[in-house]
Amino acid sequence: LIKLLCGFYEPDSGSILFDDVDAHQIGGESIRENITAVFQDFALYQLSAVQNIFLGDLKKPSDAEKAKLAAKAAGVDEILENLPHGYHTLLGNLFKGGEELSIGQWQKMAIARAFYRDSPLLLLDEPSSALDAVSERQMISSLKELAKDKTTLIVSHRLSTVQWADLIYLLEDGEQAEMGSHEELMAKKGKYYSLFEKANSSTE
């Protein structure tokens, strides 16, 4: 779904509309300029920490202060500040002197790039898949701030990641099974309710 919205390939049926305008009329370049996407299989760049964040938006002049704010919002600022050369530390182990991050920390770097880009349409594919429960709560709190005045679409198997959304679509075998807010879906006591109750009972 997210790759279709990004225009990576064409739908074989139906159409994609942005504000009731067909994506073909808008054009792929214009759509991509207004989208920030964070994928589950995010990229790991063997560059300095601050350069990693700058990659969020290469069309604008690099802004170190904005990058630090993005890192703080993503919950990775303390990690970067404590690296040997701070934000200018080379990340990854491909080159000599590079500092490797954990997969969860790399995921936070990908989210920091999203904060830095600050586009009106935000698409997130399993944004908390590599995070522990504490980091996930922090990320969700940050995402709520990032999502203000934006259209945000999150794909996740973790119900804790999506329950704050205005509208939740439960998909089953590629079809929409249920739709509504968290409260509405819980009141229906259908598939979403069952999944939520099962998830909660497994964490107790």
Side-chain angles (χ1 to χ4, degrees), residues 1-8 11-21 23 31 34-42 70-77 102-115 117-204:
L1 175 60
I2 287 181
K3 288 177 180 178
L4 283 166
L5 291 174
C6 288
F8 291 168
D12 54 19
S13 63
S15 58
I16 296 172
L17 307 178
F18 292 92
D19 290 332
D20 295 325
V21 180
I31 290 171
N34 288 282
I35 283 180
T36 297
V38 178
F39 295 98
Q40 186 176 6
D41 51 345
F42 49 86
K72 185 174 183 178
V76 75
D77 55 321
S102 70
I103 193 65
Q105 290 166 347
W106 274 117
Q107 187 165 34
K108 289 180 180 180
M109 289 297 294
I111 294 168
R113 284 196 292 272
F115 277 98
R117 183 170 173 82
D118 194 27
S119 60
L121 179 56
L122 178 62
L123 309 175
L124 302 166
D125 177 22
E126 299 284 2
S128 62
S129 60
L131 304 182
D132 57 37
V134 174
S135 296
E136 183 190 29
R137 283 195 295 272
Q138 181 186 26
M139 183 211 68
I140 291 170
S141 177
S142 297
L143 281 178
K144 287 180 180 179
E145 287 300 310
L146 178 63
K148 284 182 178 177
D149 302 318
K150 291 179 172 61
T151 298
T152 305
L153 187 148
I154 300 177
V155 175
S156 181
H157 288 88
R158 287 189 181 183
L159 300 185
S160 54
T161 304
V162 301
Q163 69 184 75
W164 61 276
D166 297 313
L167 194 59
I168 299 169
Y169 292 88
L170 176 65
L171 301 181
E172 188 173 47
D173 297 325
E175 299 287 339
Q176 178 187 309
E178 291 180 345
M179 177 189 74
S181 67
H182 171 74
E183 291 76 17
E184 290 168 344
L185 292 174
M186 290 298 288
K188 287 181 180 178
K189 295 196 173 182
K191 294 178 183 295
Y192 180 90
Y193 174 86
S194 298
L195 287 170
F196 191 85
E197 289 295 298
K198 184 177 180 181
N200 278 355
S201 64
S202 65
T203 57
E204 292 176 356

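Given the structure is predicted, the values throughout are model-derived calculations rather than measurements.
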Any side-chain to backbone donor/acceptor pair from Ser156 onto Val162? Under 3.5 Å, distance only. no
Check Phe18 against Ala23 and note the closest heavy-atom contact, atom names and distance. CE1-CB, 4.0 Å
Inspect the contact between Glu172 and Lys191 and indicate whether a charged nitrogen and a carboxylate oxygen are less than 4.0 angstrom apart. yes
Ala112 and Ala70 have their tightest heavy-atom pair at O-CB, 3.3 Å
Out of Glu178, Glu197, His182, which one pairs with Tyr192 under the side chain to side chain donor-acceptor pair (under 3.5 Å) rule? His182
Mind checking side-chain hydrogen bond (donor to acceptor under 3.5 Å, both in side chains) for Asp118 and listing every partner two or more places apart, or none if nothing turns up? Lys150
Flag if over 12 foreign heavy atoms under 6.0 Å of CD, Gln176: yes
Here the gap from Thr36 atom OG1 to Leu124 atom CG, rounded to the nearest 0.5 Å, amounts to 9.0 Å
For Arg117 and Ile35, which heavy atoms make the closest approach, and how far apart are they? NE-O, 2.7 Å
For Leu4 and Pro11, which heavy atoms make the closest approach, and how far apart are they? CD2-N, 3.6 Å
Between Leu185 and Phe196, is there a side-chain heavy-atom distance shorter than 4.5 Å? no
Interatomic spacing from CD1 in Ile16 to CG in Leu1 - rounded to 0.5 Å: 8.0 Å
For the CD1 atom of Ile154 and the CG atom of Leu123, what is their distance to the nearest 0.5 Å? 10.0 Å
When rounded to the nearest 0.5 angstrom, what is the spacing between CD in Gln163 and CZ in Arg158? 13.0 Å
Between Ser181 and Ile168, what is the shortest heavy-atom contact and its length? C-CD1, 4.3 Å
Contact check, side chains of Phe39 and Lys3, non-hydrogen atoms, under 4.5 Å: yes
Show your reasoning for whether side chain to side chain contact (heavy atoms under 4.5 Å, CB included) applies to Leu195 and Leu170. CA-CA 10 Å; Leu195 287 170; Leu170 176 65; 3.8 Å; yes
Are side-chain heavy atoms of Leu153 and Tyr169 found at a separation under 4.5 Å? no
If we ignore hydrogens and angles and just use 3.5 Å, is the side chain of Glu126 paired with the main-chain N or O of His157 as donor and acceptor? yes
